[in-house]
Engineer: 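Below you'll find the structure I mean.
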Amino acid sequence: MRPTLLVAKELLGKYLVYHSPQGIMMGEINEVEAYIGYHDPACHAARGKTKRNAVMFEKGGHAYIYFTYGMHYCLNIVTEREGFPAAVLIRSLIPREGIEIMKKNRKKENDTHLTDGPGKVCQALGLTTKQNGIDMIASDMLYLTEGNKKIPAIQKSERIGIREGKDKYWRFYYSL
DNA sequence: TGAATGATGCGCT
DNA sequence: GCGCATCATTCAT
């Protein structure tokens, strides 16, 4: 496995593909955040391994999906080696296929804001903790493909929506 | 700007 | 075991 920050940047522009029971959906990743190891106070695994964050300790390529704020799921892709907790949070996608399914899942007609937030991404794709722990390298249901190779310049900033660890500039994104 | 909303995890009994 | 504070969010006001 390679460094999480490098993987995070490489994920930008890739297509996330999900073969759901409803049909195939695909989105281009355009915003991610890195959460790395014991020394990152914002990382779920910073205070040790628990039942909830156990997937983060798997080897890279697994999907870590967790439930938060009582109503939202977030999708992460685990990085690094087995035993070292790190993951990249998928904050935003650009819908490419299965947009009608996403609209149905989101119950909104407005397709410009279908997947522009971590909770919205999971809601649009229909991802829940049932998909938690999927090996995205071996799976033919949820996986990544090479996507847009000509993405705009990658920008970075402090991470969003967290209490601690804002001094780390581990949010990577590009705008259209 | 703040309410909704529930699983998680820590500290205490 | 039990209760309470916390939380990588979203949407409506």
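A note on names: the letters A, B, ... follow the listed sequences, proteins ahead of strands, and every chain is numbered from 1.
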Engineer: What does A:Arg106 touch in the nucleic acid at a heavy-atom separation under 4.0 angstrom: a base, only the sugar-phosphate, or nothing?
Structural biologist: sugar-phosphate
Engineer: Return yes if some donor-acceptor pair links the side-chain N/O of A:Arg96 with the main-chain N/O of A:Tyr15 below 3.5 Å, else return no.
Structural biologist: no
Engineer: I want to check a possible cation-pi pair here: A:Lys49 against A:Phe57, using under 6.0 Å from ring centre and within 45° of the ring axis as the test.
Structural biologist: yes
Engineer: Is the phosphate of C:dC7 approached by A:Arg163 (side-chain N or O, under 4.0 Å from OP1 or OP2)?
Structural biologist: yes
Engineer: Give the dot-bracket string for DNA chain B, reading 5' to 3', where a pair is Watson-Crick or G-U wobble with both distances under 3.5 Å, ( ) marks pairs inside the strand, [ ] marks pairs crossing earlier ones, | marks a partner on another strand, and . marks unpaired.
Structural biologist: ||||.|||||||.
Engineer: Mind listing the residues from residues 90-105 of chain A sitting with a heavy atom below 4.0 Å of DNA chain C? Number order is fine.
Structural biologist: A:Arg91
Engineer: Report the distance from atom CD of A:Gln123 to atom P of C:dT10, rounded to the nearest whole Å.
Structural biologist: 9 Å
Engineer: Nearest heavy atom decides the nucleotide; on that basis, is A:Glu164 or A:His72 closer to the 5' end of DNA chain C?
Structural biologist: A:Glu164
Engineer: Taking CG from A:Asn76 and P from C:dT9, how many angstroms apart are they, rounded to a whole number?
Structural biologist: 11 Å
Engineer: Give A:Ile162 one of three labels, base, sugar-phosphate or nothing, depending on what nucleic acid heavy atoms sit under 4.0 Å from its own.
Structural biologist: sugar-phosphate
Engineer: Tell me whether A:Arg171 forms a cation-pi arrangement with A:Tyr169, defined as NZ or CZ under 6.0 Å from the six-membered ring centre and within 45 degrees of its axis.
Structural biologist: no
Engineer: Less than 4.0 angstrom between a side-chain N/O of A:Lys108 and OP1 or OP2 of C:dA12, yes or no?
Structural biologist: yes
Engineer: How about A:Tyr66 and A:His44: are their ring centres within less than 6.0 Å of each other?
Structural biologist: yes
Engineer: Between A:Asp116 and A:Ser92 (side chain of the first, backbone of the second, donor and acceptor by atom type, cut-off under 3.5 Å), is there such a pair?
Structural biologist: no
Engineer: A:Asp135 side chain to A:Ile137 main-chain N or O, any donor-acceptor pair under 3.5 Å?
Structural biologist: yes
Engineer: Going 5' to 3' through nucleotides 5-11 of chain B, assign each nucleotide B (protein heavy atom under 4.0 Å from a base atom), S (under 4.0 Å only from sugar-phosphate atoms) or - (no protein heavy atom that close).
Structural biologist: BBSSS--
Engineer: Under a 3.5 Å cutoff, is there a donor and acceptor pairing between the side chains of A:Gln131 and A:Tyr18?
Structural biologist: yes
Engineer: In whole angstroms, how far is the C1' atom of C:dA8 from the CE atom of A:Met56?
Structural biologist: 9 Å
Engineer: For A:Lys166, answer base if it contacts any base atom (sugar-phosphate contacts may also be present), sugar-phosphate if it contacts only those atoms, and nothing otherwise; contact means non-hydrogen atoms under 4.0 Å.
Structural biologist: nothing
Engineer: Taking the inter-plane angle between the rings of A:Tyr73 and A:Phe67 on a 0 to 90° scale, is it parallel (under 30°), tilted (30 to 60°) or perpendicular (over 60°)?
Structural biologist: tilted
